[in-house]
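Inspection log for the structure reproduced underneath, given as structure tokens.
Excluded from the calculations below are hydrogen atoms, water molecules and symmetry mates; all remaining heavy atoms, backbone and side chain alike, are included. Residue numbers start from 1 in every chain, and the chains themselves are labelled A, B, ... in the order their sequence lines are given, proteins ahead of strands.
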Amino acid sequence: MLPWPSVEVIRPRATAIWGCLPAWSGAFPGPRFKGWILPRISPVFPLGTWRPGWPVGRLLQSLPGTVRLCPELSGPGGERVQEFSSMSWLRVVDARSAPVGSRVTLKGWVRTRRDSKAEGGLSFVAIHDGSCFDTIQLVVKGDLPNYASEVTRLSTACAIEADGVIVANPKGGNEVAVEAGQQGAIRVVGWVDDPDTYPIQPKPHTMEYLREQAHLRVRTNTFGAVTRVRHCLAMAVHRFFHERGFYYIHTPIITANDCEGAGQMFKVSTLDTINCPRTPEGGVDYSKDFFGKQSHLTVSGQLNVETYCMAMSRVYTFGPTFRAENSNTSRHLAEFWMIEPEIAFADLAADAQLAEDMLKYLFRTVLTERADDMKFFAERIEKTAVERLTHIVDKPFLRVTYTEGVKVLEDAIRTGKKKFEYPVKWGTDLQSEHERFLTEEHFKQPVILTNYPKGIKAFYMRLDDNCEPDRQTVSAMDILVPGIGEIVGGSQREERLDKLDQRLEEMKLNKADYWWYRDLRRYGTVPHAGFGLGFERIIQFITGMQNIRDVIPFPRAPHLAEF
RNA sequence: UCCCUGUUAGCUCAAUGGUAGAGCGAUCGGCUGUUAACCGAUAGGUUGUAGGUUCGAGUCCUACACGGGGAGCCA
């Protein structure tokens with residue numbers, strides 16, 4: 001049975017892409033090998049235009065004339081080509097670009113159905129399968145044996161298989177003609193129980209409502225688009241670091257350090273919550289617990305990843321983190337994903353540059369690879385979604401010290417340009433309204449704020465040299481973006497043991513608890529720096545989705561763990 | 001956790017303290033190479049829960065539950 005299997009294309013040496021091209025029913029001339037056309041895609045493409053995993057067929061379709069065929073190949077250049085031969089149907093994204101006349105089988109779910117009495121019965125059935133934003137339309141003729149009994153009863157979300165022929169839609173694009181005369185068929189795989197009460201109707205729903213239907217909401221345009229963008233970004237994160245020689249470190253989810261410090265933690269325990277073992281003083285005896293001491297879900301992989309940084313030079317973590325704070329906002333989750341790189345022999349400036357490069361890489365990638373979804377976000381979710389990313393990619397982020405930032409705020413107040421609810425004073429933390437003013441109204445672009453007063457920052461941040469008396473700062477930075485606020489928080493770490501100890505003391509932390517962290521400063525310490533990037537927040541910023549609960553598949557927040 | 005606000009048909013929302021309404025969706029019919037289709041008809045309700053005031057409560061009062069916006073905490 002046609003059609004062709006999906007083919008994974010790999011990039012062996014960063015100069016060319018080799019791969020197998022399905023023989024599109026003879027649509028492309030060229031040398032053949034066991035039924036495959038074997039192209040070599042020349043490096044005339046700018047590097048990074050496309051990626052491993054994209055079928056070559058799509059590239060040929062979207063970029064005609066830029067592919068050279070290499071007849072000398074007897075295989076895919078000795079490189080790995082993986083065939084998913086068990087998948088013998090075509091995805092919607094490939095059907096949309098397949099040559100007219102191809103026989104295809106499609107599998108997917110019905111979005112909409114419209115009927116016509118013309119030509120002895122005709123139904124237009126739009127189906128989707130997640131492979132791209134758009135649906136493809138099946139034009140089903142009334143001559144199918146199950147036309148009246150099944151096809152005209154199809155409703156939103158019915159699962160079907162369709163055999164048909166790719167034809168051109170009169171108004172542009174591809175569609176699939178399904179008629180008995182051409183061995184076409186519609187097979188219903190799964191019906192929808194009661195179309196009247198199916199929660200996802202072909203009409204606009206509010207985000208709040210869809211949140212209550214989290215198991216079904218991915219079937220909508222919006223959540224399908226969010227899902228593809230999220231995936232695209234996750235892959236881009238790994239690619240960004242991998243291409244720059246970073247190692248991906250799997251830091252632990254469970255931690256027995258009660259010293260992570262960044263807020264309330266979830267307890268991890270196997271003790272009986274009602275009859276737990278007691279210490280003589282009446283407290284819970286955690287020595288009888290699974291880990292022999294009190295343990296928690298991690299709030300950050302940073303301290304662990306620093307240890308790996310002190311041998312591997314460039315490392316990062318990308319995993320879930322947990323905060324048991326009672327935060328109820330559109331920017332907070334109890335379970336969220338964080339990207340935390342750590343670089344050795346680096347200062348704050350290098351750290352900021354890495355963060356800026358990474359953000360721009362992510363923006364560029366999503367604009368290229370998910371243009372279809374980004375177009376949708378710009379049309380329906382946030383008008384400037386595409387425009388502002390394009391804009392940001394082109395110019396350097398602004399670097400402003402905390403002290404300069406405070407001056408800007410004070411000037412704005414003095415000249416009556418702006419009124420704030422909270423006062424601005426050097427040494428205190430900036431409020432949301434202050435940060436928003438800086439990035440949204442004053443600078444109107446992403447801003448890297450640096451060198452904060454030490455009193456408002458964590459113990460591990462490096463003390464700046466040559467500070468004014470009473471104005472001691474640390475090498476910390478926050479990246480603020482319009483609409484979201486803080487998206488990155490990072491710092492150069494304190495690599496000098498005496499200074500670190502001094503800070504631990506000042507903040508009344510127990511040195512003994514940090515023995516292994518302090519060891520890093522005793523044995524071959526080097527200047528190093530890193531940052532944390534909230535993955536959901538970057539998705540929010542890119543897509544314009546207003547609530548963070550709508551950019552993660554199953555959000556976890558206070559009183560929210562239904563799905 | 002605090003402040004503000006909301007909860008009425010499958011969904012989005014109306015309804016001076018006096019008979020519960022519309023649009024969309026669904027179902028049926030008509031028209032149509034349709035694509036946010038269009039036209040007509042039908043079905044669909046213990047007004048978030050529990051109390052209270054009143055001759056009478058969707059509407060006023062109290063408590064609770066849940067949703068949303070903002071703040072704090074942060075990413």
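Across the P atoms, G68(B) and G30(B) are found 44 Å apart, a figure rounded to whole Å. Of the P atoms belonging to G44(B) and U59(B), the separation is 24 Å, rounded to the nearest Å. Using atom C1' as the reference point in both A63(B) and A71(B), the two lie 26 Å apart (nearest Å). Nucleotides G6(B) and A43(B), compared at atom C1', are 30 Å apart to the nearest Å. Spacing of P atoms, C39(B) relative to U62(B), comes out at 46 Å, to the nearest Å. A distance of about 15 Å separates the P atoms of A9(B) and A15(B), rounded to the whole Å. For the C1' atoms, the distance from A20(B) to U35(B) is 36 Å, rounded to whole Å. Atom C1' of G51(B) sits at a distance of 44 Å from the matching atom of A41(B), rounded to the whole Å.
Residue contacts shown for D194(A) are absent, as no nucleic acid heavy atom lies under 4.0 Å away. Residue R549(A) is in sugar-phosphate contact alone, with no base atom involved, counting any heavy-atom pair closer than 4.0 Å across all strands shown. At a threshold of 4.0 angstrom between heavy atoms, the contacts of F336(A) include nucleobase atoms, whether or not backbone atoms are also involved. Among the atoms of the strands shown, only primed sugar atoms or phosphate atoms (P, OP1, OP2) are found under 4.0 Å from some heavy atom of Q431(A). Heavy atoms of S330(A) sit under 4.0 angstrom from primed sugar atoms or phosphate atoms, though from no base atom. Base contact: L333(A) has a heavy atom under 4.0 Å from a base atom. Among the heavy atoms of the strands lying under 4.0 Å from V139(A) is at least one base atom, whether or not backbone atoms are also near. Across all strands, R331(A) comes closer than 4.0 Å to base atoms (heavy-atom distances). Using a 4.0 Å heavy-atom distance criterion, T112(A) is classed as making no nucleic acid contact. Within 4.0 Å (heavy atoms only), A126(A) reaches no atom of the nucleic acid at all. Residue E340(A) is out of contact with every strand shown, counting any heavy-atom pair closer than 4.0 Å. Nucleic acid contact for F541(A): none, since no nucleic acid atom lies under 4.0 Å from a heavy atom of the residue.
Closest-nucleotide positions on RNA chain B for M338(A) and Q137(A) were compared, and the one nearer the 5' end corresponds to Q137(A). Where E212(A) and D429(A) meet RNA chain B, the nucleotide closest to each residue was compared, and E212(A) sits on the side nearer the 5' end.
Following rounding to the nearest Å, Y209(A) (OH) and U8(B) (P) show an atom-to-atom distance of 12 Å. The interatomic distance linking E433(A) (CD) with C3(B) (P) rounds to 19 Å, in whole Å. M265(A) has its CE atom 15 Å from the P atom of C74(B), to the nearest Å. Between the CG atom of D115(A) and the P atom of A26(B) there is a distance of 12 Å, given to the nearest Å. Computed from coordinates, the L449(A) CG to C74(B) C1' distance equals 16 Å when rounded to whole Å. Distance CG (L210(A)) to C1' (G68(B)): 15 Å, rounded to an integer number of Å. For F437(A) and A71(B), the CZ to C1' distance is 20 Å, given to the nearest whole Å. Rounded to an integer number of Å, the gap from CE of M545(A) to P of G69(B) is 12 Å.
Of the candidates A71(B), G69(B), U34(B), the closest approach to any side-chain atom of N547(A) belongs to G69(B). In this structure, of G30(B), U1(B), C11(B), it is G30(B) that holds the atom nearest to the side chain of K117(A). When the nucleotides U1(B), G25(B), C73(B) are ranked by their closest atom to the side chain of K203(A), G25(B) comes out on top. Considering only side-chain atoms of P195(A), the nucleotide from U1(B), U34(B), U27(B) that sits closest is U27(B).
Figure legend: R217(A) and F563(A) shown without cation-pi pairing, the cationic atom not lying both under 6.0 angstrom from the six-membered ring centre and within 45 degrees of its axis.
Across all strands shown, C66(B) forms a Watson-Crick or G-U wobble pair, both distances under 3.5 Å, with G6(B). Across all strands shown, the partner of C60(B) is G52(B), judged by Watson-Crick or G-U wobble contacts whose two distances both fall under 3.5 Å. With a cut-off of 3.5 Å on both Watson-Crick or G-U wobble distances, the partner of C38(B) is given as G30(B). In a base pair of the Watson-Crick type (N1 to N3 plus N6-O4 or O6-N4) or a G-U wobble (N1-O2 and O6-N3), with each distance short of 3.5 Å, U1(B) is matched with A71(B). A 3.5 Å limit on both hydrogen-bonding distances identifies U12(B) as the Watson-Crick or G-U partner of A22(B).
Using a cut-off of 4.0 Å between Lys/Arg side-chain N and Asp/Glu carboxylate O, D372(A) and R370(A) are scored as salt-bridged. Comment: D129(A) does not engage R91(A) in a salt bridge, judged by the lack of any side-chain N to carboxylate O separation of less than 4.0 angstrom. A salt bridge does not link R436(A) with E486(A): none of the charged nitrogens is closer than 4.0 Å to a carboxylate oxygen. Contact check on K444(A) versus E440(A) returns no salt bridge, with no Lys/Arg side-chain nitrogen under 4.0 Å from an Asp/Glu carboxylate oxygen. A salt bridge between E506(A) and K454(A) is present, with a side-chain N of the basic residue lying under 4.0 Å from a carboxylate O of the acidic one. Under the 4.0 Å criterion applied to side-chain N and carboxylate O atoms, R96(A) and D134(A) are assigned as salt-bridge partners.
With hydrogens and angles ignored, a donor-acceptor pair closer than 3.5 Å exists between the side chain of H332(A) and the base of C73(B). Donor-acceptor pairing under 3.5 Å, judged by distance alone, is present between the side chain of Q201(A) and the base of G10(B). Taking 3.5 Å as the limit, the base of G33(B) and the side chain of E175(A) contain a donor-acceptor pair of atoms between them. A donor-acceptor contact under 3.5 angstrom links the side-chain atoms of N169(A) to the base of U34(B). For a distance-only test at 3.5 Å, the side chain of S327(A) qualifies as a donor-acceptor partner of the base of C73(B). Not a single donor-acceptor pair, N or O on each side, falls under 3.5 Å between the base of C11(B) and the side chain of H205(A).
Contacts of H231(A) classified as side chain to side chain contact (heavy atoms under 4.5 Å, CB included), with partners at least two apart in sequence or in another chain: M235(A).
Residue R211(A) places at least one side-chain N or O under 4.0 Å from the OP1 or OP2 atom of G68(B). The side chain of S116(A) contributes no N or O atom lying less than 4.0 Å from OP1 or OP2 of C31(B). Contact annotation: R114(A) side-chain N/O to U35(B) OP1/OP2 distance is not under 4.0 Å.
Within the 4.5 Å cutoff, the side chain of P453(A) has no heavy atoms near those of the Q472(A) side chain.
Taking the six-membered ring where the residue is Trp, F318(A) and H238(A) present tilted rings, their angle falling between 30° and 60°.
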